[in-house]
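Reminder, nothing fancy here: chain letters follow the sequence lines and each chain counts from 1. No experiment lies behind these values; they were computed from the predicted model shown.
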Amino acid sequence: MSTLTLAVRDSSTMLRRNLLHARRYPSATLNLLLTPVMMLLLFVYVFGDAMSAGLGGSGADRSDYVAYIVPGILLMTVGSTTFGAAVYMAMDMTEGVIARFRTMSIHRSSVLIGHVVGSVLQSVMSVVLVGAVGVAIGFCSTDAGVLEWLAALGLVTLFSLALTWTAVGMGLSSPNAEAASNSAMPLILLPLISSAFIPAETMPGWLQPIAEYQPFTPAIETLRGLLLGSEIGHNGWLAVTWCLGLTVLGYLWSKALFNRDPM
Amino acid sequence: MPSPVMPTSIGDGRRPCSPAISAVGLRKAYGDKTVLDGIDLCIPEGSVFALLGPNGAGKTTIVKILSTLIGADGGQAEVAGHNIATEPDGVRAAIGVTGQFSAVDGLITGEENMRLMADLNHLSKRKGKQVVAELLERFDLVEAAGKPVQSYSGGMKRRLDIAMTLVGGPRIIFLDEPTTGLDPRSRHNMWQIIRELVSDGVTVFLTTQYLEEADELADRIAVLHDGTIAAEGSADELKRTIPGGHIRLRFTDPSAYHSAATALREVQRDDEALALQLPSGGSQRELRSVLDWLDAAGIEADGLTVHTPDLDDVFFALTRNDAATPAEEAAR
């Protein structure tokens, strides 16, 4: 069997294992959706009127704020599910069966690839679910044609891939699930200091550059542009660069960590 | 085999060695704590080799190195004709490993675990199904196959663990303390399983802290002590290497004990248990002369037992100064 066939075959076996876990314990996945959905409802219904005042354009109201916040919440959902992926990876590494995989003649990285592909699928499904909640409370895409929808899906997938490889690295570098949930905290916190809830320009000056150039903001602005027709500008290539960079670095980091001798 | 063997090494010329497993000078240290300090092994195909040692002696480390889970710091080893450092995939294709802690996936069912192994061993769908069904049957897991492994008992997990190891039909199997923590019935089941494996011509590398287990199963036994192999040989050879046969007299009356202890000079006293030990090889003639002598001295013991050296004696003789320090314990 060629290396590639072996890699594909073993990785899909590992993916099946991950999906079995997810199917058997759906609550683990659904719990991760609670935060973004609560945030969405909280910001729209409790803060909505006040927040819409910050959107610029006079006469902006709650429905404008729904349109503004949903793209941000969708990518926050990606952060939240990949946070779960980091914890799950760390937990899985403490299982005896991982040692067994290491002594088998299989594609070495298949364990990781199974985790990543499983998590990206989960992530995209979660985005669809949270998106449905958004639509239910009044979000509608004003501008997107087929092409934009495809590009939006592509962006969400690529962003998930990038964050998942990073998360898997965080999981592998942690000795247990608790440590992983600490080191993966940025995946939850970064969306809070992005343009998800309020425009970056309205933040204090010292925070603006951080908010503007961290991975979430360019991705959120790009998604906003695709779905609502707002200006994308340099955010498009910034988002793609972040995604590709994190994917490559996360992959190399994870692979190196996994190939260390286990204790 | 002729002479009793105290530290044997490969290349002693007695065995034409076409070994399943061979090692020369394996070393491993964790930090400044040396766990293995030059291990030599030669294990012929189709035999059962038991590595015996107290907790923290480095048994698990040897298994981890030979099964390519971790690298050695020094020395060389070949498993199934493949160098563990340069051709780990060749080694992995030939071996099966059942570790000390069950290498099963607790979140999915027993059958799903087995199917996972079939796929990772690249069996065809039909062949995989057949092998999984056979093994579940053989290890009495058919009924439990649909339940999550988390709900299994210790013995069932261990059986599933071995069944998973066998899916790929390995020619060499590493069993790291396969019966630790099992109840007596499960332990005997496990022994039966190991014997069946051997009758199929599989080479078994077994680690255990139970001397009885090594005595029961192994063709050759090595005693691991302080990171080196203190002795190697068959159970009989090892027993012959040390003295230790004795007759034990037990008393209930302290005054009888004390008068006996003064009357018999060449004895080992155990004041707490009120017991005396006389050296003896355990033959009928020897026993009779001891009895006659006791009668003549007017000594009447409440209990008399004859003790021939067993692996326990060998083990204690070889590892006498050993008390595993916490550091050694942690290094496992």
Side-chain angles (χ1 to χ4, degrees), chain A residues 1-29 84 87-115 118 175 177 256-263, chain B residues 28 30 60-61 63-73 79 82 84 87-109 111-113 115-122 128 148-150 157 160-161 164-165 167-168 170 173-174 176 330-332:
Chain A
M1 213 176 308
S2 82
T3 318
L4 184 67
T5 341
L6 187 74
V8 171
R9 183 166 180 180
D10 291 339
S11 301
S12 55
T13 305
M14 291 299 182
L15 172 62
R16 203 186 69 214
R17 166 172 180 264
N18 282 57
L19 295 181
L20 274 176
H21 286 177
R23 207 178 63 192
R24 194 124 320 144
Y25 301 93
S27 60
T29 316
V87 175
Y88 173 38
M89 186 76 235
M91 228 158 64
D92 206 24
M93 287 305 287
T94 62
E95 291 274 334
V97 76
I98 295 288
R100 181 190 289 283
F101 294 150
R102 286 176 192 275
T103 61
M104 294 179 74
S105 177
I106 58 175
H107 182 68
R108 191 91 172 145
S109 299
S110 61
V111 178
L112 303 180
I113 297 172
H115 265 269
L257 288 172
F258 188 75
N259 284 337
R260 284 183 314 188
D261 275 358
M263 276 310 282
Chain B
K28 181 79 185 174
Y30 287 107
T60 298
T61 306
V63 171
K64 282 182 175 171
I65 290 173
L66 293 177
S67 63
T68 73
L69 196 54
I70 60 175
D73 297 338
V79 175
H82 298 280
I84 55 167
E87 310 161 282
D89 267 322
V91 175
R92 288 172 189 149
I95 64 169
V97 189
T98 293
Q100 191 175 348
F101 304 102
S102 47
V104 297
D105 186 332
L107 300 179
I108 58 179
T109 69
E111 183 166 7
E112 285 163 348
N113 267 291
R115 300 285 284 278
L116 190 65
M117 288 303 120
D119 287 343
L120 291 177
N121 278 294
H122 312 122
V149 173
Q150 273 170 340
K157 270 188 196 155
L160 176 64
D161 203 333
M164 285 167 72
T165 301
V167 171
I173 298 182
F174 292 92
D176 191 13
R332 283 171 75 229

| remark: Counting heavy-atom pairs under 4.5 Å with chain A, the top scorer among I95(B), V104(B), T68(B), T98(B) is V104(B)
| field | Set of salt bridge (Lys or Arg N to Asp or Glu O under 4.0 Å) partners for E111(B), sequence neighbours left out | value | R115(B)
| field | Spacing of R102(A) atom CZ and R92(B) atom CZ [to the nearest 0.5 Å] | value | 9.5 Å
| task | Kindly write out the residues that satisfy salt bridge (Lys or Arg N to Asp or Glu O under 4.0 Å) with D10(A), not counting sequence neighbours, or none if the list is empty. | result | none
| NZ/NE/NH1/NH2 to OD/OE distance under 4.0 Å, R100(A) and D161(B) | yes
| So M104(A) and M117(B), side chain to side chain contact (heavy atoms under 4.5 Å, CB included) or not? Walk me through it. | CA-CA 9 Å; M104(A) 294 179 74; M117(B) 288 303 120; 3.7 Å; yes
| query | Could you give the distance from CD1 (I108(B)) to CZ (R16(A)), rounded to the nearest 0.5 Å? | reply | 8.0 Å
| field | L69(B), V91(B), T165(B) screened by side-chain contact (heavy atoms from CB on, under 4.5 Å) with T103(A), the one that passes | value | L69(B)
| When rounded to the nearest 0.5 angstrom, what is the spacing between CD1 in I106(A) and CG in L120(B)? | 5.0 Å
| Do D261(A) and K64(B) have side-chain heavy atoms sitting under 4.5 Å apart? | no
| query | Quick one: CE on M14(A) to CG on L116(B), what's the gap to the nearest 0.5 Å? | reply | 6.0 Å
| said: Go through it in stages, so that I can follow the logic: the residues are R24(A) and L107(B), the test is side chain to side chain contact (heavy atoms under 4.5 Å, CB included), and I'd like the CA-CA distance, side-chain angles, deciding distance and then a yes or no. | reply: CA-CA 8 Å; R24(A) 194 124 320 144; L107(B) 300 179; over 6 Å; no
| said: Under 4.5 Å from any heavy atom of chain B, what part of R260(A) do you find: side chain, backbone, both or neither? | reply: neither
